[in-house]
Amino acid sequence: VQLVESGGGLAQLGGTLRLSCEVSGLSFDDYAIGWFRRAPGKGREGVSTISPRDGRTYYAGFVKGRFTASSDNAKNTVHLQMNSLKAEDTAVYYCAAMPRQTLNAGNFYSHYQYTYWGQGTQVSVSS
């Protein structure tokens with residue numbers, strides 16, 4: 001199983017970035033894909049999760065209205081469109097996979113629910 005993130009980089013305050021997570025080695029229909037981040041000196045926090053099979057999508061409050069998750073099922077890829085970036089969005093962003101049937105609004109942000117993880121991509125927001 002592989003999850004490979006891409007699209008990170010340097011953005012200006014208020015700018016945009018689009019992250020991608022390409023998934024291989026597992027059934028895309030059977031898993032939900034989550035995005036997490038770890039900022040310097042902080043713990044890992046859940047950002048958003050999407051279930052490609054049925055379209056359910058969940059967001060953490062601190063990104064709601066700014067970030068949008070989507071999936072390209074033909075390419076086994078999920079995206080995270082990040083708009084109106086803030087300095088506090090600076091972090092390493094990871095994608096992870098959990099069994100789709102486990103996913104609900106109460107657990108999408110819990111890293112314990114996820115079985116497979118990518119290596120991460122750095123996002124830096126400059127003022």
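The model shown is predicted, which means the values in this text are computed figures rather than measured ones.
Shown here are the salt bridge (charged side-chain N to carboxylate O under 4.0 Å, His left out) partners of Glu45, two or more places apart in sequence or in another chain: Arg37. For Arg44, there are no salt bridge (charged side-chain N to carboxylate O under 4.0 Å, His left out) partners at least two apart in sequence or on another chain.
Annotation for Glu88: atom CD counts as buried by contact number, over 12 foreign heavy atoms lying within 6.0 Å. By the neighbour-count criterion of 12 heavy atoms within 6.0 Å, atom OH of Tyr109 is sparsely surrounded, having that number or fewer from other residues, nucleotides or ligands.
In this structure, CD on Glu5 lies 9.5 Å from CH2 on Trp117, to the nearest 0.5 angstrom. We find the CZ-OG1 distance between Phe108 and Thr57 to be 10.5 Å, quoted to the nearest 0.5 Å. To the nearest 0.5 Å, atom CZ of residue Arg66 and atom OG of residue Ser48 are 12.0 Å apart. Atoms OG and CD1, from Ser71 and Ile50 in turn, are 4.5 Å apart once rounded to the nearest 0.5 Å. The distance from atom CG of Leu10 to atom OG of Ser126, rounded to the nearest 0.5 Å, is 4.5 Å.
At least one donor-acceptor pair closer than 3.5 Å links the side chain of Arg100 to the backbone N or O of Asp29.
Nearest heavy atom pair, residue Asn107 against residue Gln113, reads O-CG, 3.7 Å.
At a cut-off of 3.5 Å, with distance as the only test, a side-chain donor of Tyr114 or Thr49 sits close to an acceptor on the other residue.
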Test side chain to side chain contact (heavy atoms under 4.5 Å, CB included) applied to Phe67 and Val47, step by step: CA-CA 9 Å; Phe67 291 9; Val47 175; 3.7 Å; yes
